Amino acid sequence: EKGGYEHFMLKEIFEQPKSIHDTLRGRLLVEEGIIKMAGIWDNLERLNQAQKITIIACGTSWHAGLIGEYLIEEFARIPVEVEYASEFRYRNPIISEKDIVIAISQSGETADTMAAIKMAKEKGAFVYGICNVVDSSISRVTDAGSYTHAGPEIGVASTKAFTAQLTVLSLIALKLGKHNGHLSNQEFMRLCTELETIPQKVQEVLESTHEITKEIAKSFVDAQNFLYLGRGYNFPAALEGALKLKEISYIHAEGYPAAEMKHGPIALIDENMPIVIIAPRQGHYDKIVSNVQEIKARKGKVIAVVNKGDTQVASVADYVIEFPETSECFSPIIASVPLQLLAYYIAVYRGANVDQPRNLAKSVTVE
Ligand code: M6R
């Protein structure tokens with residue numbers, strides 16, 4: 001049932017072109033120029049008139065939520081906050097009937113997320129669910145929702161569910177923006193056309209980075225720390241890359257917005273510190289080039305995740321992982337894939353139990 005792969009995690013990483021495609025299927029209709037999502041369509045007015053959207057989730061789903069914030073604020077111009085469900089539920093947050101809460105959960109069974117939803121409902125908010133497991137508790141208790149169609153995810157470390165969550169959040173943001181007038185039809189069409197190419201680009205990145213991530217992993221089996229840096233849409237991708245490594249390899253890793261480095265973490269950098277830096281050409285490219293130079297000046301080991309054909313960052317980096325270019329807003333979907341592979345191979349070479357890391361469960365149904 002691992003389909004010839006050594007672990008479920010690797011199988012699930014390689015399933016992403018299909019799981020993203022399945023999540024888009026029947027929804028992204030580029031020729032007709034529409035995004036079809038019943039849960040959004042049926043509640044369009046309520047969603048677009050929300051005074052604020054609060055996204056609640058845990059772990060990897062929380063990282064997806066952070067990217068969801070960037071997407072919804074950019075394209076639909078609705079204020080978004082992202083909270084850990086475990087914090088939200090215990091701090092009497094300001095939520096009313098005018099609010100929308102989006103709960104993201106792969107399993108649909110996470111206790112903290114469930115409790116946060118119940119509280120939001122008691123305060124009168126409309127709760128929209130993004131779950132992967134059909135008919136899960138969270139999908140049943142929410143007022144409306146959209147499923148990710150990633151298929152069963154067995155590996156404890158979330159991979160294909162994460163990229164499917166990003167896919168659904170992209171669809172939601174584009175659809176809201178189109179209907180509330182913040183996104184021009186031309187821009188909507190351009191983004192939809194690009195979104196349609198993502199499964200193919202994920203396929204390309206799997207093929208082109210599989211060997212190099214294995215090679216890089218060999219050099220870092222004995223690392224004790226890792227930093228992951230990114231800016232804009234790729235800051236949450238850096239957090240997610242770090243979480244993947246921690247969970248399965250037990251190497252301490254932290255994600256940071258690249259510009260925050262100078263406010264503290266730069267003190268950690270020496271020749272023993274590997275730093276994964278996500279630097280696609282769009283967005284804040286020139287800023288990230290100077291971040292890389294600052295790291296190299298302190299002898300940090302840079303693993304640069306850059307667009308194909310990059311020269312500026314690539315020329316100073318110690319290791320280069322290339323990925324196909326896309327719109328900045330979709331780049332975390334593609335850039336996350338080699339980070340999953342890197343974490344996977346480091347863990348495998350360390351002899352760790354990748355599918356069932358110590359102390360972790362697939363769904364956390366206790367507090
Ligand atoms: O099923 P959920 O999406 O609600 O799970 C949330 C977290 O427990 C989960 O993402 C966890 O962080 C994963 N092990 C990450 O790989």
Side-chain angles (χ1 to χ4, degrees), residues 7-13 15-16 19 23 55-68 82-89 101-118 120 127-142 145-169 228 236-251 253-255 332 336-337 339-344 346-347 352-367:
H7 296 100
F8 282 108
M9 183 177 171
L10 191 62
K11 171 175 176 263
E12 288 158 5
I13 291 173
E15 276 171 356
Q16 290 175 108
S19 52
T23 300
I55 299 181
I56 49 173
C58 304
T60 289
S61 299
W62 182 79
H63 296 152
L66 291 176
I67 295 172
V82 190
E83 294 218 36
Y84 284 116
S86 56
E87 287 296 315
F88 180 89
R89 63 181 289 199
V101 167
I102 299 182
I104 309 177
S105 174
Q106 185 286 130
S107 62
E109 304 296 341
T110 301
D112 282 321
T113 310
M114 188 59 153
I117 293 169
K118 286 189 179 145
V127 184
Y128 199 90
I130 300 178
C131 295
N132 191 46
V133 177
V134 175
D135 214 28
S136 51
S137 308
I138 291 176
S139 66
R140 278 184 271 121
V141 78
T142 41
S146 303
Y147 282 114
T148 45
H149 296 297
E153 190 181 66
I154 312 293
V156 165
S158 186
T159 53
K160 62 174 181 169
F162 174 66
T163 49
Q165 288 164 345
L166 299 185
T167 305
V168 163
L169 288 162
Y228 283 72
L239 296 180
E240 173 59 11
L243 177 63
K244 285 291 84 89
L245 187 70
K246 280 185 264 214
E247 277 191 295
I248 60 171
S249 75
Y250 318 137
I251 295 175
E254 285 189 68
S336 293
V337 173
L339 300 191
Q340 296 166 349
L341 286 170
L342 183 65
Y344 172 80
I346 292 178
N353 184 348
V354 205
D355 281 338
Q356 280 180 307
R358 66 187 184 201
N359 309 338
L360 291 170
K362 183 62 186 162
S363 53
V364 184
T365 52
V366 293
E367 272 199 48

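All figures in this text were calculated on a predicted structure; none of them were measured in a lab. Order of listing sets the numbers, starting from 1, for every ligand and every atom in it. Values reported hereafter were calculated over all heavy atoms of this structure, with side chains retained and with hydrogens, waters and symmetry mates removed.
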Glu247 versus Leu360, closest heavy-atom pair with distance: OE2-CD1, 3.7 Å

Using distance alone, decide if ligand 1 has a nitrogen or oxygen within less than 3.5 Å of any nitrogen or oxygen in Ser105. yes

Return the closest protein heavy atom for atom 8 (O) of ligand 1 as residue, atom name and distance. Val364 CG2, 4.0 Å

Here the pair of heavy atoms bringing Trp62 nearest to Ala57 is N-CB, 3.5 Å

Nearest atoms (heavy-atom pairs only) where Ile154 meets Glu12: N-OE2, 2.6 Å

For Gln165 and Gln106, the nearest pair of non-hydrogen atoms, with its separation, is NE2-N, 3.7 Å

Test Lys244 against Thr60 for side chain to side chain donor-acceptor pair (under 3.5 Å), laying out the working first. CA-CA 9 Å; Lys244 285 291 84 89; Thr60 289; 3.1 Å; yes

Using 30° and 60° as the class limits, which term best fits the ring planes of Tyr344 and His7: parallel, tilted or perpendicular? perpendicular

Ligand 1 to Ser61, heavy atom cutoff 4.0 Å, flagged ligand atoms 2 (P), 3 (O), 10 (O)

When you compare ligand 1 with Thr110, is there at least one nitrogen or oxygen pair between them that comes in under 3.5 angstrom? yes

Among all the protein's non-hydrogen atoms, which is closest to atom 10 (O) of ligand 1, and how far away is it? Thr60 N, 3.1 Å

Suppose I only count heavy atoms of Ala157 and a 4.0 Å limit; which atoms of ligand 1 are within that range? 16 (O)

Is Gln165 in polar range of ligand 1, meaning some N or O pair under 3.5 Å apart? no

The protein heavy atom nearest to atom 13 (C) of ligand 1 is Glu247 OE2, 3.4 Å

For Val156, the ligand 1 atoms whose distance to one of its heavy atoms is below 4.0 Å: 13 (C), 14 (N), 16 (O)

Ser158 neighbourhood, listing ligand 1 atoms whose heavy-atom distance to it stays under 4.0 Å: 15 (C), 16 (O)

Among protein heavy atoms, which lies nearest atom 6 (C) of ligand 1, and at what distance? Cys58 O, 3.3 Å

Ligand 1 atoms in contact with Lys244 (distance to a heavy atom under 4.0 Å): 15 (C), 16 (O)

How close do Glu109 and Thr365 get, heavy atom to heavy atom, and via which atoms? O-CG2, 3.4 Å

Determine whether more than 12 heavy atoms belonging to other residues, nucleotides or ligands lie under 6.0 Å from atom CD of Gln356. no

